[in-house]
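Side chains are part of it too, since the values below use all heavy atoms of this structure and drop only hydrogens, waters and symmetry mates. Note that ligands are numbered from 1 as they come in the structure, with each ligand's atoms numbered from 1 the same way.
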Amino acid sequence: MQLGEALHRLASPAGRQDPYPAYAALRAHGPVVQLWPGGYAATGYDAIKALLREPRLAARGLPGGAAAGLIADSVLKADGPDHARIRRLTANAFSPRGSERLEETVTAHATALADRLAGLGRDGEPVDLMAEFAYPLTIRIIGSLLGVPADEHRRLRELAQRTTVVLEPLRPAGPAPEADRAARELEAYIGELIRLRRAAPEPDLITALVRAHDGDDAELSARELVANLVFLLLAGFESSANLLGNGLAALLDHPDLADRLRAEPGLADRYVEEVTRFDAPLQLTSRWAPETIEIDGLGTIARGSQLLILLGAGNHDPARFPVPDRFDPFRDAAPALSFGAGAHYCLGAALARLEARVALPLLLDRLPAMRRAGTATRRDRLTFRGWDNLPVTTGS
Ligand code: HEM
């Protein structure tokens, strides 16, 4: 397939439903391909790893608008010393040891939600795993860390989905008023929580970051305080909810593998790693070249170029993952690229893995007769890959 045709396919609704054939068609032209002058896409596993670890590439560089600006002012799009400063202030809350301490909390919430699902499905009516399990669970957990009330999960899900559309590549350039309105609403929501915590501190991340802003060293600007809290909230459930949904869909489609996990929950780590590889919740990120650079084996990237780093394509590179489209938790493979690499490696990786490691076997165990029911709908998104809804009957 010609390069232009492969790109066209990736940018189409069918490409967003199933991007893997388009990734393969792009990769056939090389691990890094030039899409247009100043625009590149990386699809090869080794190339993606090298680009994510390349200090001469910058993360910043999103177009304007309230939604894009909010994300641009967060740790995700910060570089150099600013990035290190913000990351240091937030990292404590997400350390692997800190995340492990949340195991009991995750188990308690997952158990309560699984039992509620069983109740909702008692009369044989389908129930939606995204709305009734994946989103409420992940919003409760990130909410407990940050200090955001979990009872607003439907509103937060909706605002996050509207805001993150600005992270979609290959969409028509120009203003995104819906996303901007949602971003302003999120800013106001977090702004109100900041005011409340300033008046009455709590043992949560909002309070810790308010102190970093208000302290003598003023380690965070007012803008960074709001932007990072909004980003942590969105990052903390958008991809994690999709990790749970993508994992549950894979297990529902492979009942033999689901039975094995039900019988041996100790295998959960393997399953979670394969879910993140097989159908990564965050399919891509981007980088920008402030200067012309030469990258070993990959050639010259001209100053001002944008790079689309297709993590999901790297995860399906047959050079690293034989028969990449097969879901196989027992493959002996390289680590997936789903949590990124280098300086921006996902801060929430330990927590997201914990949530999936607890929730997937727990749900299989408590709802052994769970089956897909009706038609599940995929989100019409490339970047955040997941399900709008995932209906099942619980058989209870
Ligand atoms: C508890 C849930 C999560 C939280 C709190 C979280 C938080 C974050 C934060 C703060 C960053 C920016 C780090 C930096 O720039 O230094 C980040 C980056 C990233 N996260 Fe997560 N994340 C979560 C779940 C996930 C999940 C489930 C995935 C996909 C499997 C994911 C994939 C990524 C990737 C690929 C990046 C790097 C983006 C880049 O290099 O440009 N995250 N995450």
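- Ligand 1 has an N or O atom lying under 3.5 Å from an N or O atom of His344, backbone or side chain.
- Closest to atom 21 (Fe) of ligand 1 among all protein heavy atoms lies Cys346 SG, 2.3 Å.
- Neither the backbone nor the side chain of Phe237 has a heavy atom within less than 4.0 Å of ligand 1.
- Residue contact check: Leu311 has heavy atoms under 4.0 Å from atoms 35 (C) of ligand 1.
- At least one heavy atom of His83 sits under 4.0 Å from some atom of ligand 1.
- Checking only distances, Glu355 never comes within under 3.5 Å of ligand 1, N or O to N or O.
- The closest protein non-hydrogen atom to atom 38 (C) of ligand 1 is Leu76 CD1, 3.7 Å.
- No hydrogens or angles considered: nothing links the side chains of Gln283 and Thr383 as a donor-acceptor pair under 3.5 Å.
- Inclusion of Ser338 in the set of residues having an N or O under 3.5 Å from an N or O of ligand 1 is not warranted.
- In terms of polar-atom proximity, defined here as any N/O pair under 3.5 Å, Phe231 makes no such contact with ligand 1.
- For atom 28 (C) of ligand 1, the nearest non-hydrogen atom of the protein is Phe339 CE2, 3.5 Å.
- Of the candidates Leu284, Leu282, Ile309, it is Leu282 that places a heavy atom closest to atom 34 (C) of ligand 1.
- Counting heavy atoms closer than 4.0 Å to ligand 1, residue Thr285 contributes side-chain atoms (C-beta onward) but none from N, CA, C or O.
- Nearest protein heavy-atom contact of atom 13 (C) of ligand 1 is Arg87 NH1, 3.3 Å.
- Here the heavy atom of the protein found nearest to atom 2 (C) of ligand 1 is Ser240 OG, 3.1 Å.
- With a 4.0 Å cut-off on non-hydrogen atoms, Ala341 does not touch ligand 1 at all.
- Given atom 40 (O) of ligand 1, the protein heavy atom at minimum distance is Arg287 NH2, 2.8 Å.
- Shortest contact from atom 4 (C) of ligand 1 to any protein heavy atom: Gly348 CA, 3.5 Å.
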